2 protein chains.
Amino acid sequence: MASRVIGGAELETGTTGGVMAIRLVLEILEALATRDTVGVTELSKALDTTKARVFRHLRTLVDQGYAVQNEGSERYAAGPRLLALSRAASLTPHDSIVRIARPTLSRLRDTFGHTVNLSLAYGDSVSIVESIQGNALIGVVMSSNEAMPRHATAAGKLLLAEDFIRHGRLPTPPLNRYTENTIVDLDALRAELLRVHQQGWADAPEEIVLGINALSAPIRDHRNELVAMVSIMSSIQFIPHQPARKQIEAVKQAAADISRALRL
Amino acid sequence: MASRVIGGAELETGTTGGVMAIRLVLEILEALATRDTVGVTELSKALDTTKARVFRHLRTLVDQGYAVQNEGSERYAAGPRLLALSRAASLTPHDSIVRIARPTLSRLRDTFGHTVNLSLAYGDSVSIVESIQGNALIGVVMSSNEAMPRHATAAGKLLLAEDFIRHGRLPTPPLNRYTENTIVDLDALRAELLRVHQQGWADAPEEIVLGINALSAPIRDHRNELVAMVSIMSSIQFIPHQPARKQIEAVKQAAADISRALRL
DNA sequence: GTTATCGTTTCGTGGAAGGAAACAGGATTT
DNA sequence: AAATCCTGTTTCCTTCCACGAAACGATAAC
């Protein structure tokens, strides 16, 4: 509960500090948005806190119109203003990228059957905002909206390469090590970023989780700014250390398609 | 700032009580979802509070991935998890009604040019979740996601009528008076609700704001449950005390169309 | 009747969140 | 180049508000 585990290493999610009430209310909002009704006791158990606390928070949400109670004294559900918030957030440029990219992502998924991810840059990390699961018997899945480190993921390297080429910036050490293949040396990273920039795609074989590889290409807007990354992700068996030409071309093509769609 | 004014009367929005941190963070989230970037000072002025407070809240949101900061130390924007929340909330049944109804609402708007509203029942009030502005020179608009009283609005009466016919329930007095035409007498309301039920539509001429009328019809799902209301709203000049047959038929038809679309 | 639940309420206490003011860094202005 | 005015950030002290524990009323299951 204190942190999320990727492979063997931990990515801290800031489990302490900040305004405590906010941390709880965000979890409650997520519950309201996800399930269609929630109960006080049920939530208090799931979020590992007191009934009274959950109750007080829910009551506040009801006051503000973010939650509603189903007749009399029963369970709670999402309120009108939560839906309004949702609709407002859907108009942000970032979110419209997802809508535009979705058909292309599906096509790419169907080409190889591997999991396909769409990532955006968020602050110091990369976040997967849309993930379409692969259809293999044993596949690799990805929980959406996790923050991923930039130096150990294919999509993240594209971001770092962009920053390095344009501004000469490199991430500030130390670089967290996730597996024995994680690039933790700045010089090695610099070389890798140059390579990534030249070839126009990136991979990260077993650099964040052993046995897993991803292959990523950049999506650029009308000003040629890097705005998002599309990746395929699978076992190292299907995306080997030297990916197949067909795979590279397909991912680059998908990225180019989405880039073109963005300009319309 | 303490309450919202509709016409001359006030609808309290619960400006006190509850968990204070939640009330602030919800306003901040709305700001993040609405504008594309926000600043600490700017927000603290807009929300009438301290910089430190806004800063601490924003910092917490950043920790949790609900906000991001644009490189170094500048303004804030919506984060990945806020967009995730948004996407999750869009999957709730209530929200899908909006999507399904939208084309029909547009058509109804174009028929008369009056403002068209889609309302849902939320707890003890009615909330307009989608509003398409009329195209008249001088029109009547509606701010979305406001809670409206049930006994003084056309859509609200449909809800009350349903409750009265099926369970014999009437709202608990006192009924707030908004204009001289607001129905505040329980017996009068009972008669009105019977009328509404029999004719299958409702209006509320000058009952919440003088000079304004609305005409509303019920949307029902496959089990014939009342799930939403569609309304046209305009000056009393265009929707008179006794609405035109054409208007009534058009609104009822729109409601029927949406009801049918819901079953598919 | 008993025993689970559930959502709600009460109440005293501690610490988390708040306010005011200072700080640091840019950008403008003078 | 100095001064002023913006930022966003930090500190520190103080308070009052949110917290936890436990009781409460209601409903349902057996």
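Source: prediction; values computed, not measured. Lettering of chains follows the sequences in order, A, B, ..., and the numbering in each one begins at 1.
- Proximity of a side-chain donor or acceptor of B:Ser86 to a complementary backbone N or O of A:Ser86 within less than 3.5 Å is detected.
- Rounded to whole Å, atom P of D:dA18 lies 13 Å from atom CE of A:Met20.
- The side chain of A:Val19 lies closest to C:dA17, out of C:dA17, C:dT8, D:dT7.
- Mapping A:Ala21 and A:Lys45 onto DNA chain C via the closest heavy atom, the residue that lands nearer the 5' end is A:Lys45.
- Atom CD of A:Glu42 and atom P of C:dG7 are 8 Å apart (whole Å).
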Could you go through nucleotides 19-24 of chain C and list every protein N or O atom that sits under 3.5 Å from one of its N or O atoms, giving the distance for each pair?
unit_1, atom_1, unit_2, atom_2, d
C:dG19, OP2, B:Thr50, OG1, 2.3

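- Put simply, the residue from A:Val196, A:Val126, A:Thr153, A:Leu193 that forms a side chain to side chain contact (heavy atoms under 4.5 Å, CB included) with A:Leu159 is A:Val126.
- Considering only side-chain N and O atoms, A:His57 lies under 4.0 angstrom from the phosphate OP1 or OP2 of D:dC19.
- Between A:Arg59 and the phosphate of C:dG7, there is no side-chain N or O to OP1/OP2 separation shorter than 4.0 Å.
- Phosphate proximity of D:dT9 to B:Gln69: present, with a side-chain N or O under 4.0 Å from OP1 or OP2.
- The interatomic distance linking A:Phe55 (CZ) with C:dT5 (C1') rounds to 17 Å, in whole Å.
- The CZ-C1' distance, from B:Arg23 to D:dC17, rounds to 12 Å in whole Å.
- In the model, B:Ser231 has no side-chain atom that pairs as donor or acceptor with a side-chain atom of B:Asn117 under 3.5 Å.
- With rounding to whole Å, A:Arg75 atom CZ is found 15 Å from C:dT5 atom P.
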Trace of the side chain to side chain contact (heavy atoms under 4.5 Å, CB included) decision for B:Glu162 with B:Arg220: CA-CA 11 Å; B:Glu162 190 78 2; B:Arg220 298 178 182 282; 3.0 Å; yes

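- Under 4.0 Å is where a charged nitrogen must lie from a carboxylate oxygen, and between A:Lys157 and A:Glu207 at least one such pair does.
- The side chain of B:Tyr76 places an N or O atom within less than 4.0 Å of a non-bridging phosphate oxygen (OP1 or OP2) of D:dT9.
- When the C1' atom of D:dC19 is taken as reference, atom CG of A:Leu24 falls 11 Å away, rounded to whole Å.
- The separation between A:Asp63 atom CG and D:dA18 atom P is 12 Å, rounded to whole Å.
- Note that CG of A:Leu158 is 12.5 Å distant from CZ of A:Arg150, once rounded to the nearest 0.5 Å.
- In this structure, A:Leu43 places its CG atom 14 Å from C1' of C:dC6, rounding to the nearest Å.
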Working for side chain to side chain contact (heavy atoms under 4.5 Å, CB included), residues B:Tyr178 and B:His151: CA-CA 10 Å; B:Tyr178 300 98; B:His151 68 284; 4.0 Å; yes

